[in-house]
Amino acid sequence: MNLEQYLRQARTIAVLGAHPDPARAAYFVPEYLRRVGYRILPVNPYFAGQELFGESVVAGLEEISVPVDILDIFRPSSALMEHLEAILKLRPGLVWLQSGIRNDAFAQQLEQAGIAVVQDRCLMVMHRSLRSKGAI
């Protein structure tokens, strides 16, 4: 998979586990992505109905009704399988597991369904790196 090309073409990023606390990565990573031009769709049942990143927070992935290019996940590795069915229905082009999040069985099931997966990497760090090189 060519991440440069994918990040250049992507427009909409859903963020599973988005959080309103500016000190948390689940806030400042999607906020950075919003500032550089992506539409951010926050997902977190604890903050459903609140506004984050210019959008209303939804409780679950099943509430998203628009195409999602990237699903950025801020959930523990052990909690990923509970989201598998909703992710398969959503069919994002790419599932991105943030730094420290890795689940090979989960990734394998997504890849078998034709959904690309990046594990244990920060989307903001990768975007900044590619941007500094003029790649995106």
Is the shortest heavy-atom distance from the side chain of [X] to the side chain of [Y] under 4.5 Å?
{"X": "Leu123", "Y": "Leu7", "value": "yes"}
{"X": "Asp72", "Y": "Leu16", "value": "no"}
{"X": "Thr12", "Y": "Ile70", "value": "no"}
{"X": "Gln98", "Y": "Val29", "value": "yes"}

Do any N or O atoms from the side chain of [X] and from the backbone of [Y] form a donor-acceptor pair under 3.5 angstrom?
{"X": "Asp120", "Y": "Gly100", "answer": "yes"}
{"X": "Gln119", "Y": "Trp96", "answer": "no"}
{"X": "Tyr6", "Y": "Asp69", "answer": "yes"}

With sequence neighbours left out, what residues match [X] under side-chain contact (heavy atoms from CB on, under 4.5 Å)?
{"X": "Tyr32", "answer": "Arg35, Val36, Met124, His127, Arg128, Arg131"}
{"X": "Pro76", "answer": "Ser78, Ala79"}
{"X": "Ala105", "answer": "Met81, Asn103"}

For [X] versus [Y], what's the shortest heavy-atom pair and its separation?
{"X": "Ile115", "Y": "Ile87", "result": "CD1-O, 4.2 Å"}
{"X": "Val95", "Y": "Pro92", "result": "CG2-CG, 3.8 Å"}
{"X": "Leu88", "Y": "Ala113", "result": "CD2-CB, 3.5 Å"}
{"X": "Ile13", "Y": "Tyr38", "result": "CD1-CG, 3.6 Å"}

Once salt bridge (Lys or Arg N to Asp or Glu O under 4.0 Å) is applied, do any residues pair with [X], and if so which ones, sequence neighbours excluded?
{"X": "Asp104", "value": "Arg102"}
{"X": "Glu55", "value": "Arg39"}
{"X": "Arg11", "value": "none"}
{"X": "Lys133", "value": "none"}

Flag yes if more than 12 heavy atoms outside Glu85 fall under 6.0 Å of its CD atom; otherwise flag no.
no
Non-neighbouring partners of [X] that pass side chain to side chain donor-acceptor pair (under 3.5 Å), sequence neighbours left out:
{"X": "Glu63", "answer": "none"}
{"X": "Glu31", "answer": "Arg34"}
{"X": "Glu82", "answer": "Arg75"}

Is there a path of hydrophobic side-chain contacts, each under 4.5 Å between heavy atoms of I/L/V/M/F/W/Y residues, joining Leu130 to Val125?
no
Between Leu3 and Val118, is a side chain to side chain contact (heavy atoms under 4.5 Å, CB included) present by the stated rule, with each step listed?
CA-CA 9 Å; Leu3 286 179; Val118 173; 3.9 Å; yes
Table please: side-chain donor-acceptor pairs of residues 41-54 below 3.5 Å, with sequence neighbours left out.
{"unit_1": "Asn44", "atom_1": "OD1", "unit_2": "Tyr46", "atom_2": "N", "d": "3.0"}
{"unit_1": "Asn44", "atom_1": "ND2", "unit_2": "Ala18", "atom_2": "O", "d": "2.9"}

Could you go through the side chain to side chain contact (heavy atoms under 4.5 Å, CB included) check for Val68 and Leu61 one step at a time?
CA-CA 10 Å; Val68 170; Leu61 294 170; over 6 Å; no
Quick test of your reading: applying ring pair (Phe, Tyr, Trp, His ring centres under 6.0 Å), list the pairs with at least one residue in residues 70-92, sequence neighbours left out, ordered by first then second residue.
none
Lys89 NZ to Ile64 CD1 distance, which is reported to the nearest 0.5 Å:
14.0 Å
